[in-house]
Amino acid sequence: MSAKAAAPASYKGWAGIKRAFATPSAMTLLVLGFGSGLPFLLIASMTLSTRLRDVGLDLGSIGLISLASFFYLLKFLWAPLIDRYAFPLTAFLGRRRSWLLASQLLVGLSLAALAVMRPELGVTGLVAWVLIGSFAGATQDSVVDAYRIEVAPAAAQAALAATYTLGYRFGLIVGGAGALYIADFQGWTPAYLWMAALMLVPVAATLLCREPVAPEATVVRRIDVVGAFWQPFSSYFRNNGVLLGLVLLLFVGLFKFPDQVIGVMAGPFYLDSGFSKSDIATVSKLFGIWMGIAGAFAGGVAVAAFGFRRMLLVAALGVALSNLAFLLMAHHPSELWAFYAAIAADNLFQGFAGVVLIAFMSALTDRNFTATQFALLVSLANLPGKFAGGVSGYLVEATSYATFFTLSALTVVPTLLLLAWLWRRIRDRAPEDPVAAAEG
């Protein structure tokens, strides 16, 4: 769909969100979001850690292996090449779709390779394919984010963020609950092979969708390869100023830290609490994902109605406090009501916070450098929690799950202090344009 989409005023409130669902670009993002969400748990999060725990690996090793998916955190490093060039072998598809197709095919290949790995006999091969898969998945995410921002006006970003999140959550359902169900009844190899085959769905969407129109300034300002790397960063600080720009980056990096720091230990915690893989699939990756979808739509409506500034406060507090719900599980192991309660709280606020953060980060992005700047922000949004998650297994083993969840909730304090400093330095636009640029 052309980047010259509908006027911003047509995306006001709930009616705008419903209207966004009817557009071809939103339907495309639904499927592309599915392709982004499908491999994440299989490569970088709970499904992989559950598999490793299921075959007998210790918590410390699981935490360290999770660091192999670090490419999801560093995608801004090669995003300038994605902004400047089409992928050579598929260049006929255009700048965005060429990278999409290449990355989606590589994700599918990595999932197929992970299917035949035997981590109980050695993890070298598994780690290698996790590295490859995370590189391909991170590249795919960068291009999808750029496509979303370029295909619609700024006023539509909260609505399209909800649309994309819906597809992403469907991908998480399949890569989480679907894979766990198959693993419980057929084994891990068939589970990963089925997931690899399902990557053909976003491949088909990439082949059928239209390339967004690149801004004219994008072509004019990119003089050489060196410029492709430094221009996105200089543009960001020119638009925001050095001090505000740095504080915004730090704030984005800490915003979802309380949730992300517990991510690696979630699967092992569920198993250690006495639940089967089918229980985990039903509660965490089926019921939980739908709760996340509800939270995402609530976030989209809230941003459209009230702007993102107040919603940043609500989301930050919600993400931190929802971690305390896991204390119910820690004190009531093997009791399904506690599992459902914890997952409901956690996923509602995850979904809510995700859409609020996407809308906020989209407001900070210069459309001439979409992939690079948004990839930088997304990487920062995940980087601190990812590294903390890598050592989280050792913290749990040294203390307890209950202590771990309590400490994770307290990590919201620096985020709230930064938001207090930013409060008068960021502004909301009118409700019909729910994402606002930061004031320098």
* Asked: Step by step, would you call Ser36 with Tyr164 a side chain to side chain contact (heavy atoms under 4.5 Å, CB included)?
  -> CA-CA 9 Å; Ser36 292; Tyr164 165 80; 3.7 Å; yes
* Taking the side chain from Ser142 and the backbone from Ala138, do they hold a donor-acceptor pair closer than 3.5 Å? -> yes
* Asked: Are Phe404 and Phe326 near enough that their ring centres are under 6.0 Å apart?
  -> no
* Structure fact -> For Tyr270 and Ser284, the nearest pair of non-hydrogen atoms, with its separation, is CE1-OG, 3.6 Å
* Asked: Is there a donor-acceptor contact under 3.5 Å from the side chain of Asp259 to the main chain of Gln350?
  -> no
* Is the backbone of Ser408 close enough, under 3.5 Å, to the side chain of Thr411 for a donor and an acceptor to pair up by distance? -> yes
* Polar side-chain atom of Glu211 near backbone of Arg97 as donor-acceptor pair, under 3.5 Å -> yes
* Backbone of Leu254 reached by a side-chain donor or acceptor of Thr415 within 3.5 Å -> yes
* Determine yes or no for a side-chain-to-main-chain donor-acceptor pair under 3.5 angstrom, with Ser98 supplying the side chain and Phe87 the backbone. => yes
* Tell me, with the steps shown, if Thr139 and Trp78 meet side chain to side chain donor-acceptor pair (under 3.5 Å). => CA-CA 8 Å; Thr139 301; Trp78 64 93; 2.9 Å; yes
* Would you check if the side chain of Asp346 reaches a backbone N or O of Ala342 as a donor-acceptor pair within less than 3.5 Å? => no
* Test item: Phe352 and Met311 side chains (from C-beta on) under 4.5 Å apart, heavy atoms -> yes
* Heavy-atom side-chain contact between Leu416 and Leu317 under 4.5 Å -> yes
* **4.5 Å side-chain heavy-atom contact, Phe40 and Val107** => no
* Please lay out, stage by stage, how Asn323 and Thr406 fare under the test side chain to side chain contact (heavy atoms under 4.5 Å, CB included). => CA-CA 7 Å; Asn323 284 10; Thr406 302; over 6 Å; no
* **Non-hydrogen side-chain atoms of Leu321 and Leu324 separated by less than 4.5 Å** => yes
* Asked: Hey, are Asp279 and Thr282 close enough side-chain-wise for a donor-acceptor pair under 3.5 Å?
  -> no
* Asked: Would you find a donor on one side and an acceptor on the other, under 3.5 Å apart, between the side chain of Arg96 and the backbone of Ala146?
  -> no
* Report yes or no: does Asp272 contribute a side-chain atom to a donor-acceptor pair with the main-chain N or O of Phe269 at less than 3.5 Å? => no
* Non-hydrogen atoms of Leu42 and Leu114 that approach each other most closely -> O-CD1, 4.4 Å
* To do: Under the side chain to side chain contact (heavy atoms under 4.5 Å, CB included) rule, what do Leu248 and Tyr236 come out as? Steps first, then yes or no, please.
  => CA-CA 11 Å; Leu248 286 168; Tyr236 171 81; 3.5 Å; yes
* So, for Phe255 and Phe251, is the gap between ring centers shorter than 6.0 Å? -> yes
* Please report the C-alpha distance between Asp54 and Arg51 in whole Å, then the side-chain angles of each, then the deciding distance to 0.1 Å, and finally whether the side chain to side chain contact (heavy atoms under 4.5 Å, CB included) criterion is met. => CA-CA 5 Å; Asp54 192 41; Arg51 177 184 181 181; 5.5 Å; no
* To do: Please confirm whether the backbone N or O of Ala102 pairs with a side-chain atom of Thr90, one donor and one acceptor, at under 3.5 Å?
  => no
* To do: Flag the pair Arg95 / Asp83 as yes when at least one side-chain heavy-atom distance between them is below 4.5 Å, and no otherwise.
  => yes
